[in-house]
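We use all heavy atoms of the structure for the numbers below, so side chains are in, but hydrogens, waters and symmetry mates are not. Counting from 1, the numbers follow the sequence of the chain as shown. What you are looking at is a predicted structure, and each value in this text was computed from that prediction instead of being measured.
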Amino acid sequence: MTSIQLNDTYEETEKADLIQEKRENDFLWARLNQCFNQGLACLAGLSLILMMLLIVSNAIIRIFANPFAGTTEVAGWLMAITTSFAIGYTQLHKGHVDIDLLTSRFSPMVQRILQAAVQLVSLLFFLIVGWQIIKYGLSLMSNGSLSQTMGVIFYPYVFVVSLGFFGTSLTLSIQLFETLKWGDKSGT
């Protein structure tokens, strides 16, 4: 190779490295979001398993003795955690139902605008839900509310549930950014 060819190769490699570094910086939030929502999904799975074990063991215990009095409360808390923690992961992997019977007939630009609008409205919705859940938890904390059956403080569970909605909001904000910047990953 001549020195000119080496220089050209070096410049191309340097440009490729800069582009790769820029893309990695752009995707840093996406990777953090994926790790966060993956962790929430694992906790949702654990919560679901605990809920199942609680209900099944309570049914078996009912045959021989008095059942655990707080089964309904604990199962409700676990169900709230399972549901809220799984929404962000599902959104991350586009697992929600998407009916595109009408929108598939539009041009790619109109589809992209509609997709961004839906993501923006969804983002605002989940931010408001997360914020209202935190406000509810703060009111429970200030009132000193206890659960009805077991008489325990349960506002920490309310705060934990808000994490799932903020994880979904983070996913939607990243997807909105990607839609506005690059379009859908399918090339639109």
Side-chain angles (χ1 to χ4, degrees), residues 23-52 54 72-104 106 108-143 145 147 152-188:
R23 284 198 156 202
E24 286 176 3
N25 288 337
D26 285 347
F27 293 116
L28 175 65
W29 281 106
R31 281 186 278 147
L32 290 174
N33 176 51
Q34 185 171 2
C35 290
F36 180 69
N37 278 297
Q38 181 88 27
L40 289 180
C42 289
L43 291 173
L46 178 64
S47 176
L48 183 63
I49 290 170
L50 290 174
M51 184 172 39
M52 180 197 63
L54 173 69
T72 305
E73 282 181 356
V74 175
W77 298 334
L78 291 171
M79 181 175 36
I81 290 171
T82 300
T83 304
S84 69
F85 280 15
I87 295 172
Y89 181 80
T90 306
Q91 179 64 36
L92 182 67
H93 294 285
K94 300 186 189 260
H96 296 295
V97 175
D98 184 15
I99 301 173
D100 62 350
L101 182 66
L102 179 65
T103 58
S104 64
F106 295 137
M109 180 58 98
V110 172
Q111 289 180 19
R112 184 174 170 191
I113 291 169
L114 288 174
Q115 183 181 16
V118 168
Q119 288 169 341
L120 179 63
V121 170
S122 300
L123 170 63
L124 294 174
F125 173 76
F126 282 108
L127 283 173
I128 290 169
V129 169
W131 173 245
Q132 290 301 314
I133 289 174
I134 286 180
K135 283 178 54 177
Y136 177 63
L138 290 172
S139 72
L140 290 175
M141 187 170 68
S142 67
N143 293 338
S145 296
S147 66
V152 298
I153 297 171
F154 68 97
Y155 67 85
Y157 297 109
V158 174
F159 291 132
V160 166
V161 165
S162 70
L163 279 177
F165 290 101
F166 288 125
T168 304
S169 299
L170 179 61
T171 300
L172 284 164
S173 64
I174 290 170
Q175 288 177 347
L176 176 62
F177 175 75
E178 289 174 349
T179 299
L180 294 174
K181 188 170 181 180
W182 299 293
D184 192 16
K185 290 181 180 175
S186 62
T188 59

Stepwise side-chain contact (heavy atoms from CB on, under 4.5 Å) test for Tyr89 and Leu40: CA-CA 8 Å; Tyr89 181 80; Leu40 289 180; over 6 Å; no
Any pair counted as side-chain hydrogen bond (donor to acceptor under 3.5 Å, both in side chains), so long as it reaches residues 118-135, sequence neighbours left out: Gln119-Thr179
Within 6.0 Å of CG in Leu124, more than 12 heavy atoms from elsewhere: yes
Side chains of Gln91 and Gln175, donor plus acceptor under 3.5 Å: yes
Shortest non-hydrogen contact from Ile134 toward Ser162: CG1-OG, 3.6 Å
Value rounded to 0.5 Å, distance of CD in Gln34 from CG in Leu170: 11.5 Å
Minimum side-chain heavy-atom gap Leu172-Phe126 below 4.5 Å: yes
Reported CG-to-CG distance for the pair Leu123 and Leu176, which is rounded to 0.5 angstrom: 6.5 Å
Counterpart residues, ring-ring contact (aromatic ring centres under 6.0 Å, His included), relative to Tyr157 (two or more places apart): Trp77
Under 3.5 Å donor-acceptor, Thr168 side chain and Gly88 backbone: yes
Side-chain heavy atoms of Leu127 within contact of Phe165, under 4.5 Å: no
Tyr136 backbone acceptor or donor facing Ser139 side chain under 3.5 Å: yes
Beyond-backbone contact of Val158 with Leu140, side-chain heavy atoms, under 4.5 angstrom: yes
Where Ala44 and Ala86 come nearest, the two heavy atoms and their spacing: CB-N, 4.1 Å
Val160 and Phe85, any side-chain heavy atoms less than 4.5 Å apart: yes
Check: Met141 main-chain N/O paired with Ser145 side-chain donor or acceptor under 3.5 Å: no
Spacing of CD1 belonging to Ile49 relative to CG belonging to Leu78, to within rounding of 0.5 Å: 11.5 Å
Smallest separation among heavy atoms of Glu178 and Ala30, with atom names: OE2-CB, 4.3 Å
Donor-acceptor pair, side chain of Thr90 and main chain of Gly95, under 3.5 angstrom: no
Distance in Å, Ile87 CD1 paired with Leu92 CG, rounded so as to fall on 0.5 Å steps: 13.5 Å
Spacing of Lys181 atom NZ and Ile174 atom CD1 [to the nearest 0.5 Å]: 12.5 Å
Minimum heavy-atom distance Ala75-Met51, with the two atoms named: O-SD, 3.5 Å
Within 6.0 Å of CZ in Phe125, more than 12 heavy atoms from elsewhere: no
All pairs passing side-chain hydrogen bond (donor to acceptor under 3.5 Å, both in side chains) where residues 37-46 contributes a residue, at least two apart: Asn33-Asn37, Asn37-Thr171
Minimal non-hydrogen separation, Tyr155 against Gly137, with atom names: CB-O, 3.7 Å
Nearest-0.5 Å distance, CD1 of residue Ile133 to CD1 of residue Ile128: 12.0 Å
Candidate pair Val161 and Ile81, rule side-chain contact (heavy atoms from CB on, under 4.5 Å), full reasoning: CA-CA 5 Å; Val161 165; Ile81 290 171; 4.1 Å; yes
Nearest atoms (heavy-atom pairs only) where Ser104 meets Gln111: O-NE2, 3.3 Å
